[in-house]
Protein chains: 2
Amino acid sequence: MPTVSSEELAAAAGVNSAKLRKDFSYLGSYGTRGVGYDVEYLVYQISRELGLTQDWPVVIVGIGNLGAALANYGGFASRGFRVAALIDADAAMTGKLVAGMPVRHTDELEKIIVENEVSIGVIATPAGAAQQVCDRLVAAGVTSILNFAPTVLSVPDGVDVRKVDLSIELQILAFHEQRKAGEGGAPAEAEGAVGVEGAAAKVTKPATTADSDRAGDDNKGPDGDVPAVMPA
Amino acid sequence: MPTVSSEELAAAAGVNSAKLRKDFSYLGSYGTRGVGYDVEYLVYQISRELGLTQDWPVVIVGIGNLGAALANYGGFASRGFRVAALIDADAAMTGKLVAGMPVRHTDELEKIIVENEVSIGVIATPAGAAQQVCDRLVAAGVTSILNFAPTVLSVPDGVDVRKVDLSIELQILAFHEQRKAGEGGAPAEAEGAVGVEGAAAKVTKPATTADSDRAGDDNKGPDGDVPAVMPA
DNA sequence: ATGTCTTTGTGAACGCGTGCACAAAGATGG
DNA sequence: CCATCTTTGTGCACGCGTTCACAAAGACAT
Ligand SMILES: NC(=O)c1ccc[n+]([C@@H]2O[C@H](COP(=O)([O-])OP(=O)(O)OC[C@H]3O[C@@H](n4cnc5c(N)ncnc54)[C@H](O)[C@@H]3O)[C@@H](O)[C@H]2O)c1
Ligand SMILES: NC(=O)c1ccc[n+]([C@@H]2O[C@H](COP(=O)([O-])OP(=O)(O)OC[C@H]3O[C@@H](n4cnc5c(N)ncnc54)[C@H](O)[C@@H]3O)[C@@H](O)[C@H]2O)c1
């Protein structure tokens, strides 16, 4: 399959083809009208734009359950990320091999960052230590942080932080789960699900569920245990 | 601190106070004008709305590096999630204790789901097995899935899927990282960073970086290695 | 070379979330 | 009981991303 049309790609990704074309247009005009996009060329252009053509050294700080799993994860290397070092504050772990790599002590953090020109750091320490670790990473020159600790990190301008909070992911699922269950009475008005594609779940209609059916119940005060009706 | 104003909460969360009030208003009118919101009451109302007041049994499928880390994670129980079972296809793992809980074999998957009335499943298997596991979970009655495998899952309507892809998180960071580096010539036009609050990074101005400075360079074809200019 | 057919690239319209601004509510003090 | 002051709840306008729709571009056949 040497070429693909925006229509095909859009169907596979579950988005509107116009949106896909407009997005691509930001990278330049890499398509051929009447034909589509040259797959190999397109892949290269997108890879280059995303910075996947270069090697990004990263450090993982906090080699506990999660940190060790991350260190063992092969999916990073295949996307252009190289684990430059594993760092932990526990002296008993120093030198221990994790994923075939010796754990370094926190004392060496700054040195490791500078020597390897690391600009991306991963924080997998307990929440209490996250801000402190973050500060040291930033001071040493790291300008992008992936944070797994359930804390809001405070960073200076110019530093990007992305937070992955698994509990919140579960909470979001539970919220929708509760919604589905709560629709007991009505004819099941199938909740728009996040299907195969990342297509945003869209409720067909705001569904005036158990609201305003009782004249006078102006949705005030300690109402029943019926979830409120809100957008999205 | 018995009460808080929308202004205080908004500042702490890094959002607009009007937005915060409007969001709260979807839950009902739980504030008192001239005073603010009763903290304890507000926490209860939000917890209830999010479904945090009830216990959600979850199963984790694929007890490898990541699955084991998840099983050991204490942050779930504290948010109302209870690990009902750990499931793995590897017969050698069956019965082994992980996080003080015996690993069950995949053969029992359907039985476990039904008996425990599990509606939320976590997939931490290799990508190749994810869709198959997903299908079995859904067939057994699971209607919400948290997927860590780097695959797009196909599910029927009514089933929610959330995907956590760590590689993509790193790629997003790398993308912005490349941007910062690419601004070499210009006066560093500080990229709007995702700061302490989840405030969306907003570029002050689309920044006509290295574009249209050369009349005739209509941004077409294999241009230089300068990243394109795009929204957000 | 000309015509037809496919698919891109994009101007314009639409819809939705965000933020402004203010009236109404209610507490508090005189 | 009335005046004042604070803070909520929300109508309305603005801005941005998404989607529509179509002209232009290019491949391919005649
Ligand atoms: N395990 C999970 O699945 C999971 C899921 C979601 C979030 N998290 C979060 O990820 C973080 C790590 O979780 P975990 O289960 O791996 O915990 P863990 O206790 O197993 O590991 C924490 C590691 O961090 C090290 N550490 C502590 N302070 C440090 C410091 N100042 N500098 C460097 N290293 C330090 C410890 O020595 C330990 O090895 C926690 O914040 C947790 O809430 C974990
Ligand atoms: N380790 C990480 O930090 C990390 C990060 C991001 C994504 N992931 C993804 O998470 C998944 C798991 O990663 P991992 O590092 O834990 O891999 P792993 O190989 O350590 O563990 C996979 C586990 O799944 C089990 N398994 C295989 N097929 C199964 C099936 N059909 N049913 C039930 N169990 C099955 C295996 O027996 C094994 O125990 C992979 O898809 C990986 O890409 C992992």
Side-chain angles (χ1 to χ4, degrees), chain A residues 1-39 41-42 45-46 49 192 194 197-207 211-212 217-221 223 228-232, chain B residues 1-39 41-42 45-46 49 192 197-207 211-212 217-223 228-232:
Chain A
M1 195 170 194
T3 63
V4 275
S5 68
S6 62
E7 205 65 57
E8 293 170 296
L9 278 177
V15 297
N16 188 288
S17 68
K19 171 170 166 49
L20 188 137
R21 284 199 301 277
K22 183 155 287 187
D23 284 354
F24 280 5
S25 75
Y26 287 114
L27 311 182
S29 292
Y30 297 138
T32 304
R33 298 178 185 222
V35 178
Y37 299 88
D38 181 86
V39 173
Y41 187 52
L42 183 63
Q45 289 298 341
I46 294 178
E49 182 69 27
V194 175
E197 29 268 2
K202 238 161 218 164
V203 182
T204 314
K205 182 148 172 289
D211 172 49
S212 75
D217 175 7
D218 56 343
N219 189 23
K220 202 169 192 137
D223 52 15
V229 176
M230 64 186 72
Chain B
M1 196 169 194
T3 64
V4 275
S5 68
S6 63
E7 204 66 54
E8 293 169 297
L9 278 177
V15 297
N16 188 288
S17 67
K19 172 170 164 49
L20 188 138
R21 285 198 299 278
K22 184 156 287 184
D23 284 354
F24 280 5
S25 77
Y26 287 114
L27 311 182
S29 292
Y30 297 140
T32 304
R33 299 179 185 219
V35 178
Y37 299 89
D38 182 86
V39 174
Y41 187 51
L42 182 64
Q45 289 298 341
I46 293 178
E49 182 69 26
E197 29 268 3
K202 237 160 221 164
V203 182
T204 315
K205 182 151 173 286
D211 174 50
S212 74
D217 174 8
D218 58 341
N219 188 21
K220 202 168 191 136
D223 52 15
V229 176
M230 63 185 72

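Since the model is a prediction, treat every value here as computed from it, not as a measurement. Order of the sequence lines sets the chain letters (A, B, ...), proteins ahead of strands, with each chain counted from 1.
- Note that CG of A/Asp23 is 11.5 Å distant from OG of A/Ser6, once rounded to the nearest 0.5 Å.
- The distance between atom CD of A/Glu7 and atom C1' of C/dT6, rounded to the nearest whole Å, is 12 Å.
- Put simply, B/Lys19 has no side-chain N or O that comes within less than 4.0 Å of OP1 or OP2 on C/dG19.
- When all heavy atoms of A/Ala10 and A/Ser17 are compared, the closest pair comes out as CB-CA, 3.5 Å.
- The residue among B/Gly34 and A/Ser6 whose nearest nucleotide of DNA chain C is located toward the 5' end is A/Ser6.
- Using a 4.5 Å heavy-atom threshold, the side chains of B/Ile46 and B/Phe24 count as touching.
- Atom CG in B/Leu27 sits roughly 10 Å away from atom P in D/dG9 (whole-Å rounding).
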Every protein N/O lying under 3.5 Å from an N/O of nucleotides 9-13 of chain C:
unit_1	atom_1	unit_2	atom_2	d
C/dG9	OP1	A/Gly31	N	3.2
C/dG9	OP2	A/Tyr37	OH	2.7
C/dG9	O4'	A/Arg33	NH2	2.9
C/dG9	N7	A/Arg21	NE	2.8
C/dG9	O6	A/Arg21	NH2	3.0
C/dG11	O6	A/Lys22	NZ	3.3
C/dA12	N6	A/Lys22	NZ	3.1

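- Taken to the nearest 0.5 Å, the CG atom of A/Leu9 stands 11.0 Å off from the CZ atom of A/Arg21.
- Atom CG in A/Leu42 sits roughly 16 Å away from atom P in C/dT7 (whole-Å rounding).
- Rounded to an integer number of Å, the gap from CG of A/Leu20 to P of D/dC20 is 14 Å.
- Contact detail for B/Glu49 and B/Leu27: the closest heavy-atom pair is CG-CD2, 3.3 Å.
- For the pair B/Asp38 CG and D/dT7 C1', the computed distance is 15 Å after rounding to whole Å.
- In this structure, A/Gln45 CD and A/Tyr37 OH are separated by 12.5 Å, a value rounded to the nearest 0.5 Å.
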